[in-house]
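The structure appears right after this line, and notes come after that.
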Amino acid sequence: MQNTRINNLLDAIASSLSQIFRNPWRRLSLLIISFLFGFFLGTAISTIAGQKAELDIFVAAFLVMLTEVTSRIFYSRGLFSRRALWVDSLNTLKVGFTYSLFVEAFKLGS
């Protein structure tokens, strides 16, 4: 890429963010926030899709596709290889999302 001011600014932001999240407690905090945001997304999407009741099949197919793509990205490398932070955050978001869908299913089943 060319060495423009916006490119330099983006590189500086990326390096400072990587320095911030190098700390394990901040990394863990970000993963917990991703889990909780995924839980919120699962609850919100299932509530909205349940209220409309028009595109349930398409919404479910889209969500399954998103979770499978996330799994494909996360598990494409070896189990013990070092992963990027955004990949771990995306996988944790998927886990929270899936967990919230199970909780919603238990609520409807009881």
Side-chain angles (χ1 to χ4, degrees):
M1 294 186 92
Q2 293 181 353
N3 195 14
T4 59
R5 282 189 225 161
I6 188 75
N7 198 12
N8 290 337
L9 178 66
L10 291 177
D11 287 342
I13 290 172
S15 67
S16 66
L17 282 177
S18 81
Q19 287 292 353
I20 288 173
F21 290 114
R22 192 171 298 242
N23 185 343
W25 285 106
R26 291 180 185 154
R27 187 179 179 96
L28 182 65
S29 300
L30 183 68
L31 293 178
I32 289 172
I33 289 170
S34 296
F35 178 80
L36 293 175
F37 186 65
F39 191 86
F40 169 74
L41 278 180
T43 303
I45 288 174
S46 65
T47 304
I48 292 169
Q51 282 291 334
K52 280 297 255 185
E54 292 176 354
L55 299 172
D56 288 347
I57 296 173
F58 295 112
V59 170
F62 181 71
L63 294 176
V64 167
M65 185 185 73
L66 280 180
T67 56
E68 291 298 323
V69 166
T70 302
S71 295
R72 176 74 177 159
I73 291 170
F74 186 75
Y75 294 111
S76 64
R77 292 188 172 196
L79 185 61
F80 297 109
S81 65
R82 182 159 174 84
R83 293 183 184 93
L85 180 62
W86 71 271
V87 175
D88 284 342
S89 297
L90 187 66
N91 189 48
T92 310
L93 184 108
K94 180 197 77 176
V95 169
F97 179 78
T98 306
Y99 179 68
S100 74
L101 289 181
F102 273 104
V103 169
E104 290 294 324
F106 283 132
K107 282 185 204 172
L108 290 175
S110 63

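Below, each value reflects all heavy atoms present in this structure, side chains not excepted, and no hydrogens, waters or symmetry copies.
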Rounded to the nearest 0.5 Å, how far apart are CG of L90 and CZ of F74?
-> 9.5 Å
Same cluster for L101 and V95 if Ile/Leu/Val/Met/Phe/Trp/Tyr side chains link at under 4.5 Å?
-> no
Rounded to the nearest 0.5 Å, how far does OG1 of T92 lie from CG of L30?
-> 8.5 Å
Got N8 and T4 here, is their nearest side-chain heavy-atom distance under 4.5 Å?
-> no
Within a radius of less than 6.0 Å around CD1 of I57, do more than 12 heavy atoms belonging to other residues, nucleotides or ligands occur?
-> no
With a 4.5 Å heavy-atom cut-off, do I73 and W86 have their side chains touching?
-> yes
Can you get from F58 to L63 by hopping between Ile, Leu, Val, Met, Phe, Trp and Tyr side chains that sit under 4.5 Å apart?
-> yes
Minimal heavy-atom distance between D56 and A49, with the atoms involved, is OD1-O, 2.9 Å
Residues which pass side chain to side chain contact (heavy atoms under 4.5 Å, CB included) with L36, listed by chain and number, not counting sequence neighbours | I32
For D11, side chain to side chain contact (heavy atoms under 4.5 Å, CB included) partners two or more places apart = N7
Check whether any side-chain heavy atom of R27 sits under 4.5 Å from a side-chain heavy atom of D88, and report yes or no.
-> yes
If you measure from CD on E104 to OG1 on T43, what distance do you get to the nearest 0.5 Å?
-> 4.5 Å
To the nearest 0.5 Å, atom CG of L85 lies from atom CG of L31 at 6.5 Å
Quick one: do Y75 and V87 end up in the same hydrophobic cluster if we chain Ile, Leu, Val, Met, Phe, Trp and Tyr together by side-chain heavy atoms under 4.5 Å apart?
-> yes
In terms of heavy-atom contacts, S100 and G38 come closest through OG-O, 4.0 Å
Given ring-ring contact (aromatic ring centres under 6.0 Å, His included), test F97 with F39 step by step and report yes or no.
-> CA-CA 5 Å; F97 179 78; F39 191 86; over 10 Å; no
Under 4.5 Å between side-chain heavy atoms, hopping through other hydrophobics if needed: is there a path connecting L28 to L17?
-> no
Same cluster (ILVMFWY, side-chain, under 4.5 Å), W25 and F35 | yes
Does L93 reach the side chain of F37, with side-chain heavy atoms less than 4.5 Å apart?
-> yes
CZ/R72 to CE/M65 distance, rounded to the nearest 0.5 angstrom?
-> 15.0 Å
Spacing of I45 atom CD1 and F62 atom CZ [to the nearest 0.5 Å] | 8.5 Å
